[in-house]
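Let me begin by presenting the structure, written as structure tokens, before commenting on it.
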Amino acid sequence: MKRLLLSAAAVASLLAPLACDLEKAGNQLSADHVMVGTLLATPRVDVSASAMAGFDAGTFGGDAGADVISLPAQTAAFVFFGTKSGANASPSGVSGANVELKAGSEPGVALTADGSGSYSRSSNGESGLVYQSGATYQFIATESGTRYVGHVEDSPTKESITAFHPPEGFVRLAANTAFSFDRAAAPAGKDRTLGFVTVVPLSSDGQKGEPTYSNVPTSPVEFLQLVAVPATFREARVTIPAAAFPKAAQTYLVIFQAVRMGGAETDNLFLGSALLAGTAEVGIFRTN
């Protein structure tokens, strides 16, 4: 009997963490506050003005003279914080919260309220909002003295895409033509990171236009759908549709974000909350 009691105690001790996890998941599933957000970084890109004009010149590293136009590195954070009523209801934004982004034990960086539950901040490399590979990021919203916390663990490093860097220095592509590329294999024992693509036209003086294509989620509903079916964004082969390159004799930036997804950390945040953190590889494309 004593041995049986000891065995039961051992089983109970093993099941206790699982019971706590199940209880936490149950609380998060019924929570009425939801958070979705992104922390995305793009590196500095040096583009040859000759390449943008269609001549045989590529991209250069560093200061290579007047021919080079430098696009500064940028880190941008966005958070939507809201409430929902019912499993299928669209979230309503919560205004007036204090929202910050925190990397590990470092001080938090406050985000600016944009209205309707949206909060954001961007940085061109100055102190404060700087992307750190391998960090655990907390997305924290405080409303009426209550903290709601989501997190992303082990933010990824830049994923190199060989197809973005041919010997010429940029990719030549016929306008209205799809472009496919292969991603690197996932590290041993880990899932491949999520991959998102944005295509942006560049003017001859390096000014960015409006994206011609992006599959980065932007609405709360799209974030919730991402939680349900993330495998679509982990495929080894990625195809950018032809409509992303609509104009001939045009230079485009193709930005590929390697992203890790996190979610709710505190019990009072909905289980379907989705937080993304990642950094980009950039290719220069010139259409014929």
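A quick note: this is a predicted structure, and the numbers were derived from the prediction, not measured.
Of the possible donor and acceptor atoms, none in the side chain of Thr83 sits under 3.5 Å from a partner among the backbone N and O of Asp32. Listed for the Arg286 side chain is a donor-acceptor partner under 3.5 Å among the backbone atoms of Ala249. Without hydrogens or angle criteria, Arg121 side chain to Ala77 main chain gives no donor-acceptor distance under 3.5 Å. With Gln250 contributing its side chain and Leu202 its backbone, the two residues share a donor-acceptor pair below 3.5 Å. Distance alone, capped at 3.5 Å, places no donor-acceptor pair between the Ser273 side chain and the Val36 backbone. One N or O on the side chain of Glu159 and one on the backbone of Ala184 form a donor-acceptor pair closer than 3.5 Å. Distance alone, capped at 3.5 Å, is enough to place a donor-acceptor pair between the Asn176 side chain and the Pro246 backbone. Thr266 places a side-chain N or O within 3.5 Å of a backbone atom of Val149 that can act as its donor or acceptor partner. In this structure, Thr177 contributes its side chain and Ala242 its backbone to no donor-acceptor pair below 3.5 Å.
Between Leu173 and Ala178, the shortest heavy-atom contact is CD1-O, 4.2 Å. Shortest non-hydrogen contact noted between Arg44 and Ser70 is NH2-OG, 3.4 Å. Considering all non-hydrogen atoms of both residues, Pro156 and Ser133 come closest at O-OG, 3.3 Å. Residue Ser155 comes nearest to Arg260 through the heavy atom pair C-NH1, 4.1 Å, listed as atom of the first residue, atom of the second, then distance. The shortest non-hydrogen separation linking Ser180 to Thr239 is OG-OG1, 2.8 Å. Here the shortest heavy-atom pairing between Asp182 and Arg237 reads OD1-NH1, 2.7 Å.
If you chain together hydrophobic residues whose side chains sit under 4.5 Å apart, Met261 and Leu40 fall into the same group. Clustering ILVMFWY residues whenever any of their side-chain heavy atoms sit less than 4.5 angstrom apart, transitively, puts Val197 in a cluster other than the one holding Val216. Residues Phe80 and Val94 do not share a hydrophobic cluster, clusters being chains of Ile/Leu/Val/Met/Phe/Trp/Tyr side chains in contact below 4.5 Å. No single ILVMFWY cluster, assembled from side-chain heavy atoms under 4.5 Å apart, contains both Ile140 and Val34. Clustering ILVMFWY residues whenever any of their side-chain heavy atoms sit less than 4.5 angstrom apart, transitively, puts Leu269 in the very cluster that holds Leu101.
Atom CG in Asn268 sits 5.5 Å away from atom OH in Tyr148 (nearest 0.5 Å). Atoms CG and NE2, on Leu275 and His151 in that order, are 9.0 Å from each other to the nearest 0.5 Å. Here the CG-CG distance, from Leu253 to Leu71, works out to 6.0 Å after rounding to the nearest 0.5 Å. The line from NZ of Lys84 to CG of Leu224 is 9.0 Å long, rounded to the nearest 0.5 Å. Here the straight-line distance linking atom OG1 of Thr193 with atom CZ of Phe233 works out to 12.5 Å at 0.5 Å rounding. Summarising the geometry, atom OG1 belonging to Thr136 is positioned 7.0 Å from atom CG belonging to Asp154; distances are rounded to the nearest 0.5 Å.
Proximity of Phe256 to Arg183: side-chain heavy atoms (C-beta onward) are separated by under 4.5 Å at one or more points. Proximity of Tyr131 to Leu39: side-chain heavy atoms (C-beta onward) are separated by under 4.5 Å at one or more points. Under the 4.5 Å side-chain criterion, counting only non-hydrogen atoms from C-beta, Thr218 is not in contact with Phe78. Using a 4.5 Å heavy-atom cutoff, the side chains of Phe181 and Ile240 are in contact. Between Glu281 and His165 there is a side-chain heavy-atom pair separated by less than 4.5 Å. Taking 4.5 Å as the limit, every side-chain heavy atom of Phe164 sits out of range of all side-chain heavy atoms of Val282. A 4.5 Å side-chain heavy-atom check between Val45 and Ile284 finds at least one atom pair inside the cut-off. Looking at Pro217 and Leu276, their side chains come closer than 4.5 Å, going by heavy atoms from C-beta outward.
Aromatic pair Tyr119/Phe81: ring centres not closer than 6.0 Å.
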side-chain contact (heavy atoms from CB on, under 4.5 Å) between Phe139 and Leu111, worked out: CA-CA 10 Å; Phe139 295 72; Leu111 275 59; over 6 Å; no
Please determine whether side-chain contact (heavy atoms from CB on, under 4.5 Å) holds for the pair Met35 and Val79, giving the CA-CA distance in whole Å, both sets of side-chain angles, and the decisive distance to 0.1 Å. CA-CA 7 Å; Met35 183 188 293; Val79 168; 3.9 Å; yes
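Applying the 6.0 Å contact sphere to CZ of Arg147 captures no more than 12 heavy atoms from other residues, nucleotides or ligands.
The residue from Tyr252, Phe179, Tyr213 that alone fulfils the ring pair (Phe, Tyr, Trp, His ring centres under 6.0 Å) condition with Phe285 is Phe179. Test Thr198, Val199, Val171 against Val254 for side-chain contact (heavy atoms from CB on, under 4.5 Å) and you get one pass: Val199.
The salt bridge (charged side-chain N to carboxylate O under 4.0 Å, His left out) search around Glu100 returns none, not counting sequence neighbours. Every residue was checked against the salt bridge (charged side-chain N to carboxylate O under 4.0 Å, His left out) condition with Asp191, not counting sequence neighbours, and none meets it.
For the side chain to side chain donor-acceptor pair (under 3.5 Å) condition, the pairs that include at least one residue of residues 102-117, sequence neighbours left out, are Glu106-Gln132, Asp114-Ser120.
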